[in-house]
Amino acid sequence: MEATGIPALDAVLVWGGAITVLTGLGTVVWRGLRGVLHLGRRVNEFMDDWAGEEERPGVPGRPGVMERVSAIEDRLERVEHELYPNSGGSLRDAVDLANERLSRLCLEPDEYRPTTPPEPPADPPPGSPPAAS
C-alpha cells in the first residue's frame, strides 16, 4: 500500500478501511445470526405443533400430530364400517335391504307386459231388459 504523504489522510484511510471491513463482517455475522434465530423459532413452532401443547390459563390445549392422526384413523374406521355389508347395522346393509324390498314391489323392465284391454260384452239377447248404466 502506498502512502499519500499526508499522515492525517493516511490515518483516516486506514481507519476508514478498517471500519468498512469490520462493518461488513458485522453485517454478515448479524444476518447469519438473524437467519439462525429465525430458523430456530420455526423449528420450535414445528415441534410445538408436532407434540401439541398443554392447556394453560387463557389458552386451550392443542393435540399433537400423532393424536390427530389417531383421531382421523378412528373416524375413517367408522366410515368404512358403514360402507361394507356386515352385521346388518351399516348404511350399506340398509341400502341393500331397501333395494331388495323395492325389487319385490317393482317389476323389471323386461318382465313388464302391458295388459290388453278387456273385450267388450256380447250383445244382450233380444227381449231382455236394458242394462243400467
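This one's a predicted model, so the numbers in the text were calculated from it and none came from an experiment. One-based numbering along the sequence shown.
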May I ask you to decide if A3's main-chain N or O and D10's side chain share a donor-acceptor pair within less than 3.5 Å?
->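 Answer holds: no.
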
Do the side chain of S90 and the main chain of Y84 share a donor and acceptor less than 3.5 angstrom apart?
->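 Yes.
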
Could you pull out all residues at least two apart from D49 that satisfy salt bridge (charged side-chain N to carboxylate O under 4.0 Å, His left out)?
->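 In terms of salt bridge (charged side-chain N to carboxylate O under 4.0 Å, His left out), with neighbours along the sequence ignored, D49 is linked to R62.
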
Mind checking whether F46 and L39 sit in one hydrophobic cluster, side chains of I, L, V, M, F, W, Y counted as touching below 4.5 Å?
->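 Yes; tracing contacts between hydrophobic side chains, which count when under 4.5 Å, links both residues.
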
Mind checking whether M47 and V65 sit in one hydrophobic cluster, side chains of I, L, V, M, F, W, Y counted as touching below 4.5 Å?
->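 Yes, M47 and V65 fall within the same hydrophobic cluster.
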
CG on D93 to CD on E82, rounded to 0.5 Å |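 Between atom CD of E82 and atom CG of D93 there are 8.5 Å.
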
Inter-residue atom distance R101.CZ - N99.CG, 0.5 Å rounding =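 The CZ atom of R101 sits 11.5 Å away from the CG atom of N99.
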
Check: [Y] and [X] side chains under 4.5 Å, non-hydrogen atoms:
{"X": "T4", "Y": "L13", "answer": "yes"}
{"X": "D96", "Y": "E100", "answer": "no"}
{"X": "D48", "Y": "E53", "answer": "yes"}

Can you name the nearest heavy-atom pair linking W50 to M66, along with the distance?
->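 Answer, listing the atom of W50 first, then M66: CZ2-SD, 4.0 Å.
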
Does anything in residues 26-46 pair up under side chain to side chain donor-acceptor pair (under 3.5 Å), and if so which pairs, sequence neighbours excluded?
->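 Listed by first then second residue: nothing to list.
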
Salt-bridged, D74 to R78, with N to O below 4.0 Å?
->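 Result for this pair is no, no salt bridge flagged.
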
Should we say atom CD of E54 is surrounded by more than 12 heavy atoms from elsewhere, each under 6.0 Å from it?
->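 Check fails, neighbour count at 12 or below.
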
